[in-house]
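Everything below concerns the one structure shown next.
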Protein chains: 2
Amino acid sequence: MLAVVFQVGDVTSRKPALNVLLWQRALDPERGKWALPGGRLRDDEDLTTSVRRQLAEKVDVREIAHLEQLAVFSEPGRVPGVRTIASTFLGLVPSPATPELPPDTRWHPVNDLPPMAFDHGPMVAYAQARLVAKLSYTNIGFALAPREFALSTLRDIYGAALGYQVDATNLQRVLGRRGVITPTGTTAHPGRNGGRPAALYRFTDSQIRVTDEFAALRPPG
Amino acid sequence: MLAVVFQVGDVTSRKPALNVLLWQRALDPERGKWALPGGRLRDDEDLTTSVRRQLAEKVDVREIAHLEQLAVFSEPGRVPGVRTIASTFLGLVPSPATPELPPDTRWHPVNDLPPMAFDHGPMVAYAQARLVAKLSYTNIGFALAPREFALSTLRDIYGAALGYQVDATNLQRVLGRRGVITPTGTTAHPGRNGGRPAALYRFTDSQIRVTDEFAALRPPG
DNA sequence: TCAAAAGTGTTCAGACTACACCCATGA
DNA sequence: TCATGGGTGTAGTCTGAACACTTTTGA
């Protein structure tokens, strides 16, 4: 099992980035290269339990707001030595939680990845593609955002995860209409430059939910 | 590995049904119940190759127009005896190809499944949900339809796979606008009841392709 | 009073559904 | 010429992108 764990970093600054959790290999093969966290499955646990257990060594498990299966990588020669099959997972950690990391482990921006071990590079790319797609038709943003947030913050989070800037106006309307976000009624304090105080929102659910199931060919009625 | 292989049966009649390929277990455990085709992975093949090899015993491999990974089922107690992990696949066979089947193997309508072995029932349900979703945002219909077809036939195929009737008019326009289907220029002969001859179409590609990537939050421009 | 940030209003285009209407064929 | 099945026209709704404009704050 291998997990691609994402978090949006630097939410308060103006240039947030989508980061992925990697650890640096101390031993051959691929010494010095960066790898996804993971490990072997035990006989008494299922895959999801196993991934959560493996990640507990890297990040606080309670901070993983969403975890789902991605693809299985099974090419016979994908790693040297005994034949190994990798079942990959997508994990999401909300901002701004910054759990303590072991010394060999770091967050890396997905737009500037270090040399990656084995076939872990394509796995990160696959995971991001899946995240991008799900941002547009599910409420999966709940797993990246703080509990309460201003719309401009959410705009930056979506922008980092999608890889392009989105309009806060339309984000509010799309997510509002679908019932994905709810206003809390409270407002944030403006920064030192002034500006109108921002209304705060939260995600309505903290479980993934498909909000826009059919692009076309939806059932009649 | 286990494969959920679908085909739409009775395309020429007026009530086509979505069928799944099952074989009946002759031995305990679960003797007499119906199971998905599959088998064990060899050390020198990847999962896709393995699934194709396993299915060759059941259906002609050339008839599998599409094959993709689904989920991994890994609960420790999902089958009795030694712990087994099932990686499931979705396979699609075009109509009206009707390959010869071994005596223990049959097509069963998904709406009227026999008693299923182990956890294979939920696997079929999961596969159909994925198929339904992909019909609306990809060109995956190519793997269920004949090479050339009238729109009313395609309407029945989509209806069987989706579980509800669709409008042939709008199907034509949606798939036409997206470039999924192309008119061949030829027409079919009317049946004995008369009626205007139907124009024939074919799918433009025979490889899966996402046609409607973003439900919302698409990139600017 | 001005700049900055947030929020609202408005317009526009595209996609999809539903349904009425027209066309071509066999008996 | 009529029943049958196929195809086209069209209206109407909904969604979302873009962008101008207004509101609320700190300095």
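Just so we're on the same page: letters track the sequence lines, and every chain starts at 1. As the structure is a computational prediction, the values presented were derived from the model and not from experiment.
The closest side-chain heavy-atom distance from B/Leu154 to B/Tyr201 is not below 4.5 Å. By the 4.5 Å heavy-atom criterion applied to side chains, A/Phe89 and A/Thr48 are counted as neighbours.
Residue order along DNA chain D, read from the 5' end via each residue's closest nucleotide, puts B/Leu151 first among B/Leu151 and B/Leu217. In terms of position along DNA chain D, the nucleotide closest to B/Tyr201 lies nearer the 5' end than the nucleotide closest to the other residue of the pair B/Tyr201 and A/Arg178.
Summarising the geometry of B/Met1 relative to B/Ser50, their closest heavy-atom pair is CE-OG, 3.4 Å, with the distance given to 0.1 Å. B/Ala35 and B/His120 make their closest contact through CA-ND1, 3.5 Å (heavy atoms, listed as atom of the first residue, atom of the second, distance).
The distance from atom CG of A/Asp156 to atom P of C/dA5 is 12 Å, rounded to the nearest whole Å. Computed from coordinates, the B/Phe214 CZ to C/dG14 P distance equals 19 Å when rounded to whole Å. Following rounding to the nearest Å, B/Leu171 (CG) and D/dG6 (C1') show an atom-to-atom distance of 14 Å. Put simply, CG on B/Asp212 is 9 Å from P on C/dA15, counting in whole angstrom units. As a whole-Å value, the separation of B/Phe149 CZ from D/dG5 P is 20 Å. The interatomic distance linking B/Tyr158 (OH) with C/dC16 (P) rounds to 12 Å, in whole Å. If you take CZ of B/Arg155 and P of D/dG7, they are 10 Å apart, rounded to a whole angstrom. Atom CG in B/Leu200 sits roughly 12 Å away from atom C1' in D/dG6 (whole-Å rounding).
Residue A/Ala188 is out of contact with every strand shown, counting any heavy-atom pair closer than 4.0 Å. Across all strands shown, A/Arg218 has heavy atoms under 4.0 Å from sugar-phosphate atoms exclusively, and none from any base. Residue contacts shown for A/Ala150 are absent, as no nucleic acid heavy atom lies under 4.0 Å away.
The listed nucleotides are D/dG7, D/dG6, C/dG7; the one nearest the side chain of A/Ala198 is C/dG7.
A distance-only check finds no donor-acceptor pair linking the side chain of B/Thr187 to the backbone of B/Pro197 [under 3.5 Å]. Put simply, the side chain of A/Asp205 never gets that close to the backbone of A/Gln207: no donor and acceptor are under 3.5 Å apart. Between the side chain of B/Trp23 and the main chain of B/Leu36, a donor-acceptor pair closer than 3.5 Å is present. Using modelled atom types, no side-chain atom of B/His66 and backbone atom of B/Leu92 make a donor-acceptor pair closer than 3.5 Å.
At a cut-off of 3.5 angstrom, counting only N and O atoms as typed in the model, there is no donor on one side facing an acceptor on the other between the side-chain of A/Arg173 and the base of C/dG7.
In this structure B/Glu45 satisfies the salt bridge (Lys or Arg N to Asp or Glu O under 4.0 Å) test together with B/Arg53, sequence neighbours excluded. Under the ring-ring contact (aromatic ring centres under 6.0 Å, His included) criterion, B/Phe203 pairs with B/Phe149, not counting sequence neighbours.
Within the structure, every pair that satisfies the side-chain hydrogen bond (donor to acceptor under 3.5 Å, both in side chains) test and touches residues 132-147 of chain B, not counting sequence neighbours, is listed here: B/Glu68-B/Lys134.
Within residues 162-170 of chain A, the residues having any heavy atom under 4.0 Å from DNA chain C are, by residue number, A/Thr169.
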Which atoms of nucleotides 25-27 of chain D (N or O only) lie under 3.5 Å from a protein N or O atom, and what are those distances?
unit_1 : atom_1 : unit_2   : atom_2 : d
D/dT25 : O2     : A/Gly195 : N      : 2.8
D/dG26 : O3'    : A/Arg192 : O      : 3.3

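The phosphate of C/dA6 (OP1 or OP2) has no side-chain N or O of A/Gln172 nearer than 4.0 angstrom.
Taken over five-pair windows at either terminus, the axes of the helix from C/dT1-D/dA27 to C/dA27-D/dT1 are inclined to one another by 20° (rounded to 10 degrees).
The side chain to side chain contact (heavy atoms under 4.5 Å, CB included) with A/Val51 is formed by just one residue from the set A/Val5, A/Leu67, A/Leu41, A/Asp46; it is A/Leu67.
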